[in-house]
There are 4 protein chains.
Amino acid sequence: MIITVDPSNPKPTYLQIVDSIRRAIATGAVKPGDQLPTIRDVAVQARVNRNTVSRAYLELEHMGLVRSRQGSGSFLTDNEPGLDQRERLKIIKRIADELALEASHYKIPLEQVIAIVRDSAAELNKETEHE
Amino acid sequence: MIITVDPSNPKPTYLQIVDSIRRAIATGAVKPGDQLPTIRDVAVQARVNRNTVSRAYLELEHMGLVRSRQGSGSFLTDNEPGLDQRERLKIIKRIADELALEASHYKIPLEQVIAIVRDSAAELNKETEHE
Amino acid sequence: MIITVDPSNPKPTYLQIVDSIRRAIATGAVKPGDQLPTIRDVAVQARVNRNTVSRAYLELEHMGLVRSRQGSGSFLTDNEPGLDQRERLKIIKRIADELALEASHYKIPLEQVIAIVRDSAAELNKETEHE
Amino acid sequence: MIITVDPSNPKPTYLQIVDSIRRAIATGAVKPGDQLPTIRDVAVQARVNRNTVSRAYLELEHMGLVRSRQGSGSFLTDNEPGLDQRERLKIIKRIADELALEASHYKIPLEQVIAIVRDSAAELNKETEHE
DNA sequence: GTGGTCTAGACCACC
DNA sequence: GTGGTCTAGACCACG
């Protein structure tokens, strides 16, 4: 699994790591029960401090996606995310609003924006289809 | 102009104000040359500290959308945003990626997500069309 | 609010802080909407590092009991805990089992154990009744 | 003797094994002088690493409950636990406090909690009475 | 002033 | 080997 951290991205490092792993989950690169790379490995690979990776894994644990056990490692759970449908749609709407606002501000046509969204989704599904 | 701040929104207050004003620009509620509401008015209306509104206006100045004139208030400029096309698309892509990731995580179908994006765009254009 | 940390207690420091605050909530010493003592204040008072208190507040935030906002402080939410009744009883049962096992091991009579439990509960309710 | 390990239980594996054996002692399933199952047997049955079982048996030795004889296995001693009454009550009080705090937090009535404690104690004594 | 993030490095607990 | 905790101290972001 490839965990990338972009220092120019304003998003906090630990959340970028969270996103990397959530992306790996979405693409099917890791499956429920699988062991995640160790905290130390990710720290070396992404060139960040161990504590920062710890923080990311803690977040994933609070999201119910990961379970870490002392001495044996961190594993993907088989849980579904726990939010109800309303909450989910609220989150999606918030991001969609932001997308529409930025696009309008930069005068990027709606259809082009939608093409970009399709593109992002396709990148996630690319690997999934191979299973 | 209505400036709303939602304390449950994790986005910082000053950026919520920035977004409100950018939204007003996008919908045509304010036009180049128009005076913006005073910092004090916004602070009272949105029930936030004046420093926070100040911070928002400063941000808008940095974006080149607003110019403050000594003693007479803040006015909308007629500037186009200053980023080049590549930068703009990079920002859009980042948001689109996030949208796709969240949607996949919550198992919301792509077409529904796109419908929501169209919706968000339509809300922005609603008022514009009336002009 | 008094936050106490006992170095001889094997429970991690940050969880002892969490318990102190949960205890303050249970006794009614803090109410929904109230501001909690600042992270820095707790750190000084309990003689621990700021980061340790941060960790405790983060945990409380993940439990849905507290909301922290940059620049303004940490506040008690008005949420009810989010577990369903089954989960709650499972947690209670686990502690009850441990209590029964230790008591049996130390040959402490059941009725004495129950008296101690009543005592612990009374300490929590003492202050509440004064409201 | 049945040793069970629940991976969803946050308690460390070796302590879960310790508790299983202490429970067997409390119910009278094993008596002073009896031989305990071999480390290897427990490891196979509970599907854990032999080192983990070793660690559990070591802990039981430290508690004075078990003595290992070279080459012939581990046997239950006829020792009484070595803590003085104050220490014992302190441990009981700590668990009782935790029980009261969780119950209050989850709004479970005190009498129901006590019924659960009686239940836990009854489960321990059930088998004892048959002797 | 508030809380948030990150680093460096130490030590502990568990398997 | 694994993850967990804590410290010290720096710097940033927000109101």
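Residue numbers begin at 1 in each chain, while the letters A, B, ... track the order of the sequences.
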Subject >> Contacting residues from residues 52-59 of chain D, given that a heavy atom lies under 4.0 angstrom of DNA chain E >> reply: D:Thr52, D:Arg55

Taking side chain to side chain donor-acceptor pair (under 3.5 Å) as the test, write out the residues that go with [X], two or more places apart.
{"X": "D:Tyr14", "answer": "D:Arg55"}
{"X": "C:Gln16", "answer": "none"}
{"X": "B:Ser120", "answer": "A:Lys93, A:Asp97"}
{"X": "D:Ser20", "answer": "none"}

Hey, can you pull the donor-acceptor pairs under 3.5 Å for the side chains in residues 63-70 of chain C, sequence neighbours left out?
{"unit_1": "C:Ser68", "atom_1": "OG", "unit_2": "C:Ser74", "atom_2": "OG", "d": "2.8"}

Original post:
Taking the nucleotide of DNA chain E with the closest heavy atom to each, which residue, D:Lys11 or C:Ser74, is nearer the 5' end?
Top reply: C:Ser74

**OP:** For B:Asn51, answer base if it contacts any base atom (sugar-phosphate contacts may also be present), sugar-phosphate if it contacts only those atoms, and nothing otherwise; contact means non-hydrogen atoms under 4.0 Å.
**Re:** nothing

**OP:** Quick one: label C:Arg50 by what it contacts on the DNA or RNA (base, sugar-phosphate, nothing), any heavy atom closer than 4.0 Å.
**Re:** base

**OP:** Determine which pairs satisfy ring pair (Phe, Tyr, Trp, His ring centres under 6.0 Å) with at least one residue from residues 38-63 of chain D, sequence neighbours left out, and list them in order.
**Re:** none

Original post:
What would the secondary structure line of DNA chain E be in dot-bracket form, counting Watson-Crick and G-U wobble pairs under 3.5 Å, with [ ] for pairs that cross earlier ones and | for pairs with another strand?
Top reply: ||||||||||||||.

**OP:** Only counting residues at least two apart or in another chain, list the ones meeting salt bridge (charged side-chain N to carboxylate O under 4.0 Å, His left out) with B:Arg23.
**Re:** none

Original post:
Where does the chain C footprint on DNA chain F start and end, counting 5' to 3' with a 4.0 Å heavy-atom cut-off?
Top reply: F:dT5 to F:dG15

**OP:** Applying side chain to side chain contact (heavy atoms under 4.5 Å, CB included), name anything that partners D:Asn49, two or more places apart in sequence or on another chain.
**Re:** D:Asn51, D:Thr52

Original post:
Could you give all pairs that pass the salt bridge (Lys or Arg N to Asp or Glu O under 4.0 Å) test and reach residues 10-22 of chain A, with sequence neighbours left out?
Top reply: A:Lys11-A:Asp19, A:Arg22-B:Glu102

